[in-house]
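What follows is a set of notes on a single structure, which appears directly below.
Just so it is clear: chains get the letters A, B, ... in the order the sequence lines come, proteins before strands, and each one is counted from 1.
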Amino acid sequence: MRILLIHADSIEYEVKKKTKLAEVWDKEKDSFDEVLVAFCAMESPDEVDINRIISGAVLEIKETAGKVKTDRIMIYPYAHLSSDLASPDIAKDALVLLEKELKECDFFVKRAPFGYYKAFRLSCKGHPLSELSKSITLDDVPLKTEKGQVTHTFFVMKPDGTRDDVENYMDDSAFGSLLKKELNVPVSPGGEPIHVSIMRQKELVDYEPVSDVGHMRWLPKGKLIRDLLADYVLQILLPYGATPVETPVMYDLSDKAIFEHADKFGERQYRFKSGNRSMMLRFAACFGMFSIMRDMHISPNTLPMKMYELSTYSFRHEQKGEVIGLKRLRAFTMPDMHTLCLDMKESLSCFEEQLEMGWKTGLDFGTALVAVFRSTEDFFRENEEWVKKLVVKAGVPVLIEILSERVHYWIAKIDLAAIDGQGRPIENPTVQIDVESARRFDIKYYRENGEPVFPPILHCSPTGSVERVICAILENCGTLQVPVLPTWLSPVQVRIVPVSERHINEAKTVCNLINNSRIRADLDDRDESMGKKVRDAGMDWIPFVVVIGDSEVENNNLTVTIRGKSAPNKPYKETFTVENLVELVQKEIEGKPFRPLYTHELLSKKPRYI
RNA sequence: GCCGCUGUGGCUUAGUGGUAGAGCGGCUGAUUCGUAAUCAGCAGGCCGGGGGUUCAAGUCCCCCCAGCGGCUCCA
């Protein structure tokens, strides 16, 4: 919102001509003296939360009125203050609200009509405080703490199902780190997260200077890892019965359900005008999938119904200072599954199954996970035994947070987090029970008696965002003596190093054999020394390095350095036939998705990106 | 968004007001090599951007941008 404040001896106006936006108004002219005139324009970003903007405007006007010592205010609509106006209906209501709120603060308030051409005469006092221009955005007005009444209670549930005090777990373990974060226990500042340097050094991901903050460019090796992770999620969700869909990234805010769902989450969204429509960019895949569900015929016989989308991308306009590396982005890719459940009972059993998936992903990525379960007091009272069951099954202590009442769309959720190198949680997999969205989006099925039911909906991301998964994996690498990615995610799984030029042909044959066995192999055909080529293979964290020289050609075998078994400066070497090596690698990546090389097979042809 | 720190060839960096220096990488040549850097030569910088102070600015001041730390926040 833009406001131009003029402290005036007097203002008088006369209504000349109606526009099509005009409000109902009978007064032809009016005037006011010894007055603070507030010329106002509502802007499109204000539409997110008009009430907050107006309360900000009231504060601003109050302050200025106090300084110039007047209690007389004229509100004067003045669209010309902004080139990005809010819709007229909203602006009109906003100014009426402003009038009302100022009156409640004991000001004498007059308002000029909205949507008319008016002639006006103004005499500005001209003292230093008499002319003031202000811009009020949502960032200027702190959120009212409606949640202030809600109490949060924390305790730990042990793997045997009994309760324990959080104080007993505040150590340096992963679980302790989670507790400290959740309970706001101060921790010593850490340095730069290790994944930020790794992601660039290894040419996986980089910042994109010509985009917005928190939007990344993915280089071939990083792109491969992304795609493999997407394949991985699909591979666990398809057998579970999820059906993939793809939905738009932007939505029209004039749809009531869309607006409400978007509005609930405040101003951390990308919003923009497209023609005369107010649009938003999705911050999760809920919008599109709920819209599909709204238009579906839902039979109780086909429930639970699991719908899945890899939301490339989801957008969240996080504050600039919060965006960092791959941990917190403004554009990210979220595997997002929604499960329509028959009733609460079914949603609990689906919750259990989906939580199992979440725990499993931690094992598959080699990133240890810790858990916090949150629910409303009511939910916990009714389902304490079920919660115990979850914790017993997990076999690890779980932090429990009880909210005195429901503040979000969910009544229960679990968040699983990996811990980064500085002992800070990276929140990843989650399952949530949503009891609000079905009604809002009019998603329903009918009972036999014709009674409509708005079913509970589970939100589940079995891995958390792809970017955060990579973040957690790289952070984990940073703690290893000999860092290496899981073989199935390594952009190059096998590197062939010919000892000299005369071994290149043999090396090519081996390289082809391995690539034809669904293993990613490349060949260092550069005119470099052995030492150099071996060193570079190490720098690339190649899990299996094959050397081919006279002895190998003669004996028809391969000398393989296995990174996973090596200690720093102590390469572990073993001799294999091609067939044995292929078998070994295939066994290691068994059951995991495969994609071919995204980079050139010949290192001499491989460009450098960073 | 707020407070703080940082920004020098593609990368890592030296340079406290007086002619921008190195290593890696790149290119060229020599070398054809047995497990973490073979040797030599060459090219490459309006020192993040803009403004100011000064005879003189990478260096001091102001504004902006970006990255990181912290705060707030993460639906």
Side-chain angles (χ1 to χ4, degrees), chain A residues 137-143 147 181-182 184 186-194 196-197 200-201 203 206-214 261-269 282-284 286 314 316-325 327-330 332 334 407-410 413 415 417 422 424-428 430 432 434 436-437 459 464-465 468 482 495 497-504 524-542 545-553 559-563 566 568-573 607-610:
Chain A
T137 67
L138 287 166
D139 292 335
D140 302 328
V141 191
L143 210 64
K147 300 171 188 172
K181 173 77 195 310
E182 290 293 332
N184 290 321
V187 289
S188 52
E192 183 166 326
I194 189 77
V196 174
S197 49
R200 301 191 69 244
Q201 271 168 21
E203 297 191 321
D206 199 3
Y207 299 104
E208 177 49 79
V210 295
S211 182
D212 190 15
V213 171
H261 193 65
D263 202 38
K264 222 176 143 52
F265 304 134
E267 74 279 15
R268 294 198 168 207
Q269 320 168 16
R282 66 174 177 192
F283 45 78
C286 307
S314 286
R316 299 188 186 185
H317 197 97
E318 305 287 9
Q319 293 183 82
K320 213 169 135 290
E322 294 167 349
V323 174
I324 183 215
K327 192 171 182 181
R328 196 92 168 259
L329 293 165
R330 283 187 177 172
F332 57 93
M334 182 84 143
V407 283
H408 302 299
Y409 57 70
W410 49 265
K413 72 183 291 205
D415 294 314
Q422 285 96 322
R424 289 176 302 219
I426 310 167
E427 282 193 14
N428 264 347
T430 183
Q432 310 170 357
D434 177 349
E436 199 174 277
S437 297
H459 298 239
S465 81
R468 279 194 179 171
V482 180
R495 163 79 42 87
V497 179
V499 172
S500 80
E501 218 174 285
R502 67 176 178 278
H503 306 112
I504 284 189
D524 195 342
D525 61 331
R526 297 171 305 165
D527 177 19
E528 297 287 355
S529 70
M530 262 296 285
K532 172 73 177 229
K533 288 185 278 196
V534 165
R535 178 173 192 268
D536 285 349
M539 300 286 281
D540 283 346
W541 295 358
I542 312 285
V545 181
V546 173
V547 170
I548 296 182
D550 287 340
S551 132
E552 284 78 10
V553 173
T559 306
V560 183
T561 303
I562 303 176
R563 190 171 174 83
S566 301
N569 296 319
K570 275 194 203 135
Y572 172 88
K573 283 179 278 186
R608 291 182 58 92
Y609 294 88
I610 293 177

request  = Return the value, rounded to whole Å, for the distance between atom CD1 of A/Ile610 and atom P of B/G9.
outcome  = 15 Å
request  = Could you tell me which nucleotide pairs with B/C55 by Watson-Crick or G-U wobble geometry, both distances under 3.5 Å, or answer none if nothing does?
outcome  = B/G18
key: Rounded distance in Å between the P positions of B/G10 and B/C55   = 34 Å
inquiry  = For the P atoms, the ones on B/G18 and on B/C5, what distance do you get once it is rounded to whole angstrom?
reply    = 23 Å
request  = Rounded off to whole Å, could you give me the CZ-to-C1' distance for the A/Arg200 and B/G67 pair?
outcome  = 10 Å
query = Using the P atom in both, what is the distance from B/G15 to B/A37, to the nearest Å?
reply = 28 Å
ask   = Counting just side-chain N and O atoms, does A/Tyr207 come under 4.0 Å of either OP1 or OP2 of B/C68?
value = yes
Distance between P atoms of B/U59 and B/G51 (Å, rounded) = 14 Å
remark   = Ranking B/A75, B/C68, B/C71 by distance to the side chain of A/Ile324, first place goes to B/C68
message = What's the closest nucleotide to the side chain of A/Gln319 if the choices are B/C74, B/G69, B/G1?
response = B/G1
query = Hey, is the side chain of A/Arg316 pairing donor to acceptor with the base of B/A75 inside 3.5 Å?
reply = yes
query = Using atom P of each nucleotide, how far apart are B/G21 and B/C42 to the nearest Å?
reply = 15 Å
query = Whole-Å distance between B/G69 C1' and A/Lys327 NZ?
reply = 12 Å
ask   = Which base sits across from B/G10 as a Watson-Crick or G-U pair, both distances under 3.5 Å?
value = B/C24
key: Touch class at under 4.0 angstrom, heavy-atom based, for A/Lys181 against every strand present   = base
For B/G45, the Watson-Crick or wobble counterpart (both distances under 3.5 Å) = none
inquiry  = Please report the distance separating the P of B/U54 from the corresponding atom of B/C61, rounded so that it comes out in whole Å.
reply    = 16 Å
inquiry  = At less than 3.5 Å, do the side-chain atoms of A/Arg328 and the base atoms of B/C73 form a donor-acceptor pair?
reply    = yes
query = Is A/Arg268 touching bases, backbone alone, or none of the nucleic acid, heavy atoms closer than 4.0 Å?
reply = base
request  = Let me know the distance between OH of A/Tyr609 and C1' of B/G10, rounded to the nearest Å.
outcome  = 14 Å
request  = Using side-chain hydrogen bond (donor to acceptor under 3.5 Å, both in side chains) as the criterion, list what pairs up with A/Asp434, not counting sequence neighbours.
outcome  = A/Ser437, A/His459
key: Complementary nucleotide for B/U31 - Watson-Crick or wobble, under 3.5 Å   = none
message = With the stacking rule set at 5.5 Å and 30°, tell me whether A/Phe283 counts as stacking on B/A75.
response = yes
ask   = Looking across every strand, which nucleic acid part, if any, lies under 4.0 Å from A/Val323 by heavy atom: base, sugar-phosphate, or nothing?
value = sugar-phosphate
task = Could you measure between the two P atoms, the one in B/G49 and the one in B/U32, and give it in whole Å?
result = 46 Å
request  = Look at all strands and tell whether A/Arg468 reaches a base, only sugar-phosphate, or nothing, counting heavy atoms closer than 4.0 Å.
outcome  = base
Sort me out a list of protein N/O and nucleotides 33-37 of chain B N/O pairs below 3.5 Å, or just none if empty.
| unit_1 | atom_1 | unit_2 | atom_2 | d |
| --- | --- | --- | --- | --- |
| B/C33 | OP2 | A/Arg502 | NH1 | 2.9 |
| B/C33 | OP2 | A/Arg502 | NH2 | 3.4 |
| B/C33 | N4 | A/Asp527 | OD1 | 2.7 |
| B/G34 | O6 | A/Asp550 | N | 2.5 |
| B/G34 | O6 | A/Ser551 | N | 2.9 |
| B/G34 | N1 | A/Glu552 | OE1 | 2.8 |
| B/G34 | N2 | A/Glu552 | OE1 | 3.2 |
| B/G34 | N2 | A/Glu552 | OE2 | 2.4 |
| B/U35 | O2 | A/Thr561 | OG1 | 3.3 |
| B/A37 | N7 | A/Arg535 | NE | 3.2 |
| B/A37 | N7 | A/Arg535 | NH2 | 3.4 |
| B/A37 | N6 | A/Arg535 | NH2 | 2.5 |
| B/A37 | N1 | A/Arg535 | NH1 | 3.3 |

Spacing between A/Ile194 atom CD1 and B/C68 atom P, to the nearest angstrom = 14 Å
inquiry  = If we ignore hydrogens and angles and just use 3.5 Å, is the side chain of A/Lys533 paired with the main-chain N or O of A/Pro498 as donor and acceptor?
reply    = yes
query = Taking the P atom of each, how far is B/G9 from B/C3, in whole Å?
reply = 28 Å
message = With a 3.5 Å distance limit and no angle check, can you tell me whether A/Arg563 reaches the backbone of A/Ile542 through a side-chain donor-acceptor pair?
response = no
message = Looking only at the side chain of A/Arg424 (C-beta and beyond, no hydrogens), which of the listed nucleotides B/G67, B/G70, B/U72 gets closest?
response = B/G70
ask   = Which is true for A/Pro209 with a 4.0 Å heavy-atom rule: it touches a base, it touches only sugar-phosphate, or it touches nothing?
value = nothing
ask   = Could you state the CD-C1' distance from A/Gln201 to B/C11, rounded to the nearest angstrom?
value = 9 Å
